[in-house]
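Below you'll find the structure, written out as structure tokens, and then a few comments.
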Protein chains: 2
Amino acid sequence: MRKVVLIGVGMHPCGKFLDKSLKDLGQVAIWNAIDDAGIDAKEIEVAYVSNCVAGLITGEENVRGQRILRAAGIGRIPVINVENACAAGSTALRGAYLEVASGLHDIAIAVGAEKMFCGNTSREVKAIAANADLELLATGVQFTALYAISLKKYMKEYGATPEHFAKIAVKNSYNGSLNPYAQHRTPLTIEQVLNSRMISDPLTLYMCCSIADGAAAVVLCTEEVARKHGSKPLVEIAACELGSGRFRPEYGEGPDLTELVAEDAYRVAGIPPEDIDVAEVHDAMAPAELLLYEELGFCKKGEAIRLIDEGRTKINGDIPVNPSGGLAAKGHPIGATGLIQVAEIVWQLRGEAGPRQVAHPKVGLIQNRGGFIDGDDAASAITILKR
Amino acid sequence: MRKVVLIGVGMHPCGKFLDKSLKDLGQVAIWNAIDDAGIDAKEIEVAYVSNCVAGLITGEENVRGQRILRAAGIGRIPVINVENACAAGSTALRGAYLEVASGLHDIAIAVGAEKMFCGNTSREVKAIAANADLELLATGVQFTALYAISLKKYMKEYGATPEHFAKIAVKNSYNGSLNPYAQHRTPLTIEQVLNSRMISDPLTLYMCCSIADGAAAVVLCTEEVARKHGSKPLVEIAACELGSGRFRPEYGEGPDLTELVAEDAYRVAGIPPEDIDVAEVHDAMAPAELLLYEELGFCKKGEAIRLIDEGRTKINGDIPVNPSGGLAAKGHPIGATGLIQVAEIVWQLRGEAGPRQVAHPKVGLIQNRGGFIDGDDAASAITILKR
């Protein structure tokens, strides 16, 4: 397998854009990425496109990627449309990575685009619910409830309090206020987070990410191609791992899927968790970030609350997490999220993150998950990038 | 890239199964393929799953593959959900192929499953329409009309008649009558085909394939793994090419996408068209098969009508096409079709096709296409298999 580098990343901001279509969002991200890569669009040999809910929002369920690429003026190449719920973006990245790593192609693009606001709330809610089993939803268990269950368990075991959870939301809202691509750019206080409407105890409104329209694209290639084109620092894909749940019948048993996939990613990259300088993690519910500190090995079991109390995961901390503001501040355009996370880590590793830049990172991690089946993640993806 | 072989194929029959779910269909195909491969399900390292319309039929738009695999008792492996309209099955095959060819994994499974009948005709029609651009549909151009336009053109240029088109449907209905997996198993006469209801001149009802529920799965692995397991003849993937349209503004210009992708496939396989012993092609509208004889290089331009007149593409002809009965007889479970075609060619190459077995084939071709954008195919896939 060949070394694969990222030479271009691009985004369309996250937000509510009722006057824009999926194609409008996608083509902006594509052209920003191509522009950033400094290549000619004609050089792109293969595309992976992730989108999760267009079928439910507009009824355009098929060949969405080709539609988006055509809007961007790109045709005649193999297009692979992928979906993996909220981990779809990472799945697109992995596909594009494999095309280049295998030697089949030299330049690939991964695109994630999602149009979630359509002016019809019932359709929007139905689209979000597609994440979970219909059988599960029939019992009334929404995925907020699944998160709440694991948080309750964590509170009981390790003494975490709602204040700890609120601190994550506060940190991420501050980071998001520095991110021009974020949907929510107002820093929140602990009081505001705790006093916002209760969604599923202990989750309050401001701990939950919102839906968003948005898109991201990344251009991948061989090191050789990259050296011909860009003057920017090369960012290498050191690992790009994907797994699915054991789909255990009883929630809470066995090791967490994220831990298993992280173990694989660290092994493949040959990089231990203590060498991660910056991370973007999947805070669909902000407090999940706390549990992820442990699952990703940033600290030992039960020590996550100390990490947040001591401010070590802030932008100026020693292990900054979600400098972009995370899903909580940016919003969560499902099929785009994984690639939005990648864009942030690339900007961080290149030192291009502006006011939210962390100090001289060399290695970054992206954790992205999607879908629930029997209380386990349907898809869990961990990518490690290095300069 | 390593050599990749198919060691197991399995299907759920095509038909109308109102009492069965997508999972019911998928798990039968998976277990039939695993059983045929003679491996333990636990040995499967990665899965590609293609489904196109579950979001529109049941609302379960996300992580469909994981749901199907879980029903089959499979978890903990990377699952990549792919979609490419009617070419989704071939796209899943290509993904699984790349995993093994690249050296990333040794055993992969590609699964295609589609549940199209749901007892709600309006939903079923909406699901089929997802193939084409909504903007195009708004003009009243259904994909039957797009096929009809190209057939009219062919009639004018080469003197083809409705009788020629009917002969394809007659041949395929006879082949389908020999296939226990086919939805329609009654041989038709030329008169029956020509006198059936006009859908879009020159297309009559019996020239058009029907929707169907159905599923197929194939197990792929390295030659080394295959030699350890099976006693059956090895079938190798000689080429697995995918392309998308140029999305030209005016229909009819430039070389056909199928020709370009076929050219790639023949080059990659190192096998010329005259060495193809048997083919399964995408006869969503039976007469399309006639045009495909030329696009795939089975004969020169304008000679296809002689091929069908002389019976050379019948099961006992010198270049048998659609011995399975094609989409016209089998039905067209969108996301499964590409893999159903693969299953047929594997059975043919192994000499396991029973009454529809063609004589001693060594090389088989699968042509699969999906989606329309600006009158061009959104996805076009050609796979060449050899013993």
Side-chain angles (χ1 to χ4, degrees), chain A residues 1 46-47 52-56 58-67 69-70 75-86 88 91 94-95 98-99 101-104 126-127 129-134 241-248 257 260 334 370-374 376 378-379 381, chain B residues 1 46-47 52-56 58-67 69-70 75-86 88 91 94-95 98-99 101-104 126-127 129-134 241-248 257 260 334 370-374 376 378-379 381:
Chain A
M1 303 273 277
V46 60
C52 295
V53 300
L56 299 174
T58 64
E60 291 194 288
E61 173 130 320
N62 290 165
V63 293
R64 311 163 207 191
Q66 285 88 332
R67 288 171 180 156
L69 287 158
R70 171 181 167 277
R76 276 289 187 254
I77 57 172
V79 179
I80 295 97
N81 295 287
V82 299
E83 178 278 308
N84 241 340
C86 310
T91 305
R94 182 184 179 279
L98 187 54
E99 298 279 341
S102 67
L104 197 58
K126 207 177 153 191
N131 255 317
D133 246 355
L134 290 192
E241 294 298 306
L242 177 67
S244 63
R246 192 172 59 204
F247 310 137
R248 52 191 183 243
L257 175 62
L260 294 172
I334 301 181
F372 287 98
I373 296 180
D374 277 352
D376 215 344
Chain B
M1 304 273 277
V46 60
C52 294
V53 300
L56 299 174
T58 64
E60 292 193 288
E61 174 129 320
N62 292 164
V63 293
R64 311 163 206 190
Q66 286 89 332
R67 287 170 180 157
L69 287 158
R70 170 181 169 277
R76 276 287 187 257
I77 57 173
V79 179
I80 295 96
N81 295 286
V82 298
E83 178 277 309
N84 242 340
C86 309
T91 305
R94 183 184 178 278
L98 188 53
E99 297 279 342
S102 67
L104 197 59
K126 206 177 153 193
N131 255 317
D133 246 353
L134 289 192
E241 294 298 307
L242 177 68
S244 63
R246 193 173 59 205
F247 309 137
R248 52 189 183 244
L257 176 62
L260 295 172
I334 302 180
F372 287 98
I373 296 181
D374 276 352
D376 214 344

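Naming convention: chains lettered A, B, ... in sequence-line order (proteins, then strands); numbering from 1 in each chain. Values reported hereafter were calculated over all heavy atoms of this structure, with side chains retained and with hydrogens, waters and symmetry mates removed.
Taking both residues in full, the closest heavy atoms of B/Leu56 and B/Lys126 are given as CD1-O, 3.9 Å, listed atom of the first, atom of the second, then distance. Smallest separation of non-hydrogen atoms from B/Ala381 and B/Leu242: CB-CD1, 4.0 Å. Residues A/Ser102 and B/Ser102 share a closest heavy-atom pair of CB-CB, 3.5 Å. When all heavy atoms of B/Ser244 and B/Ala378 are compared, the pair lying nearest together is CB-O, 2.9 Å. Closest of all the heavy-atom pairs between B/Ala127 and B/Val53 is O-CG1, 3.5 Å. Pairing each heavy atom of A/Gln66 with each of B/Asn84, the nearest pair is NE2-OD1, 2.8 Å.
Proximity to chain B (any heavy atom under 4.5 Å) is shown, for A/Glu99, by both the backbone and the side chain. With a threshold of 4.5 angstrom between heavy atoms, A/Ala101 does not approach chain B through any atom at all. Both the backbone and the side chain of A/Arg64 come within contact range of chain B, judged by heavy atoms closer than 4.5 Å. For A/Leu260, the part lying under 4.5 angstrom from a heavy atom of chain B is the side chain only.
Most heavy-atom pairs under 4.5 Å with chain B, from the set A/Arg94, A/Glu61, A/Glu241: that is A/Glu61. Note: A/Cys52 leads A/Cys52, A/Gly65, A/Gly243, A/Ala379 in heavy-atom pairs under 4.5 Å with chain B. The candidate with the highest count of non-hydrogen atom pairs below 4.5 Å against chain B, out of A/Leu69, A/Ile77, A/Thr91, is A/Ile77. With chain A as partner, the option from B/Leu98, B/Leu104, B/Val82, B/Val79 having the largest number of non-hydrogen pairs under 4.5 angstrom is B/Leu98.
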